[in-house]
Amino acid sequence: MWKVLLATAILTALAACEAPSVKSRPGDGTVIIQMSRIGADKVQYRHLDSVNAVRQSRGLGSLILNASLIRAAQSHASDMSAQNRPWHFGSDGSSPLDRLFSVGYKGELVGENVSETFEDDFNTLDVWMNIPLSASVILDPEAMQMGIAWHQDTNGKIWWVQLIAK
């Protein structure tokens with residue numbers, strides 16, 4: 001059921017947003033999604049709508065975007081790219097809690113989802129929903145706020161960070 005709602009949210013969001021530029025790399029057929037062609041706020045709201053559709057299908061309340069969570073997610077996405085690995089620790093040893101503290105967030109962290117991919121936010125959310133720990137963060141009944149950000153390398157690789165808090 002949640003996949004139908006997610007698909008509906010995706011189609012609705014796509015109708016409202018400029019589509020990402022998609023290029024194929026000559027020779028190897030690798031598809032590169034050019035996320036920079038879409039405004040960050042459009043991707044963030046599109047992702048929020050998709051997350052909320054999944055949550056609502058489970059009878060859970062909607063999340064709202066939080067600027068501090070977005071800043072923390074953005075800094076970590078860039079840092080994961082610099083480290084060339086998707087994980088929850090910064091190059092300075094910082095944890096998700098440390099990053100929330102550094103941006104002045106006063107709420108309580110529910111969890112952080114990260115990804116290294118060539119896929120857009122829709123496909124990334126689908127992957128997270130199929131990983132029990134990641135899905136439990138997205139579907140936490142006490143969650144109220146979200147931050148989503150990414151960093152895209154010149155080769156097209158996208159480093160996603162989603163922070164969910166209460």
Side-chain angles (χ1 to χ4, degrees), residues 1-20 33 35-81 86-90 94-117 119-152 158-166:
M1 177 67 176
W2 70 265
K3 287 187 178 190
V4 172
L5 289 171
L6 179 59
T8 302
I10 289 169
L11 292 174
T12 302
L14 284 175
C17 295
E18 173 188 343
I33 298 170
M35 295 299 295
S36 60
R37 295 191 43 98
I38 306 175
D41 59 333
K42 289 183 180 180
V43 173
Q44 290 160 347
Y45 281 106
R46 182 176 74 186
H47 185 78
L48 177 68
D49 289 344
S50 298
V51 166
N52 282 336
V54 171
R55 287 179 58 83
Q56 289 166 3
S57 75
R58 307 281 176 95
L60 300 170
S62 295
L63 304 179
I64 60 169
L65 289 176
N66 177 281
S68 294
L69 294 175
I70 291 169
R71 281 194 310 277
Q74 184 61 64
S75 70
H76 190 52
S78 297
D79 191 47
M80 286 192 313
S81 170
W87 71 326
H88 298 285
F89 296 97
S94 63
S95 71
L97 289 174
D98 295 328
R99 288 188 292 279
L100 292 188
F101 181 75
S102 73
V103 297
Y105 185 74
K106 303 293 185 208
E108 184 180 333
L109 177 68
V110 170
E112 176 183 71
N113 290 319
V114 298
S115 179
E116 166 195 16
T117 184
E119 297 180 332
D120 64 15
D121 56 306
F122 298 126
N123 292 313
T124 301
L125 178 58
D126 188 47
V127 168
W128 285 336
M129 289 305 300
N130 285 293
I131 299 170
L133 185 56
S134 296
S136 72
V137 169
I138 294 166
L139 299 174
D140 187 291
E142 295 182 10
M144 299 182 332
Q145 299 177 330
M146 183 183 77
I148 181 75
W150 74 91
H151 173 85
Q152 187 166 26
I158 305 169
W159 302 87
W160 291 101
V161 176
Q162 179 196 61
L163 288 164
I164 295 184
K166 53 184 175 181

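Within the 4.5 Å cutoff, side-chain heavy atoms of Ile164 are placed close to those of Leu63. Side-chain atoms of Val114 and Trp87, non-hydrogen and from C-beta on, never get closer than 4.5 Å to each other. Taking the side chain as every heavy atom from C-beta outward, Ser62 and Arg55 never approach each other to under 4.5 Å. Between Asn66 and Met144, every side-chain heavy-atom pair lies at or beyond the 4.5 Å cut-off. With a 4.5 Å cut-off on side-chain heavy atoms, Val127 and Glu119 count as touching. In this structure the side chain of Glu142 never reaches within 4.5 angstrom of the side chain of Val110, judged on heavy atoms.
Panel note: side chain Ser50, backbone Arg46; a donor-acceptor pair is recorded below 3.5 Å. For the pair Glu116 (side chain) and Ile158 (backbone), a donor-acceptor distance under 3.5 Å is absent. Within the 3.5 Å criterion, the main-chain N or O of Val54 finds a donor-acceptor partner in the side chain of Ser57.
Side-chain contact, Asn123 with Asp120: a donor N or O sits under 3.5 Å from an acceptor N or O. For the residue pair Ser95 / Asp98, a side-chain donor-acceptor distance below 3.5 Å is found, with atom types taken as modelled. Residues Ser68 and Arg71 have side chains that bring a donor and an acceptor to within less than 3.5 angstrom of each other.
Considering CG of Leu65 and CG of Leu48, their distance stands at 4.5 Å, rounded to 0.5 Å. Atom CG of Asp121 is separated from atom CG of Asp126 by 11.5 Å, given to the nearest 0.5 angstrom. Between Ser102 atom OG and Leu97 atom CG the span is 11.0 Å, to the nearest 0.5 Å. From Met129, atom CE reaches atom OG of Ser136 across 9.5 Å, with rounding to the nearest 0.5 Å. To the nearest 0.5 Å, atoms CZ (Phe122) and CG (Leu125) are separated by 9.0 Å. Between atom CD1 of residue Ile148 and atom CE of residue Met146 there is a gap of 6.0 Å, rounded to the nearest 0.5 Å.
The one candidate from Glu112, Arg99, His76, Gln145 that meets the side chain to side chain contact (heavy atoms under 4.5 Å, CB included) condition with Leu163 is Glu112.
Between Trp160 and His47, the angle of the ring planes stays under 30°, which puts this pair in the parallel group of the 30/60° scheme.
Nearest approach of Lys166 to Ala143, heavy atoms of both residues: CB-CA, 4.3 Å. Shortest non-hydrogen contact noted between Ser115 and Met80 is O-CE, 4.3 Å.
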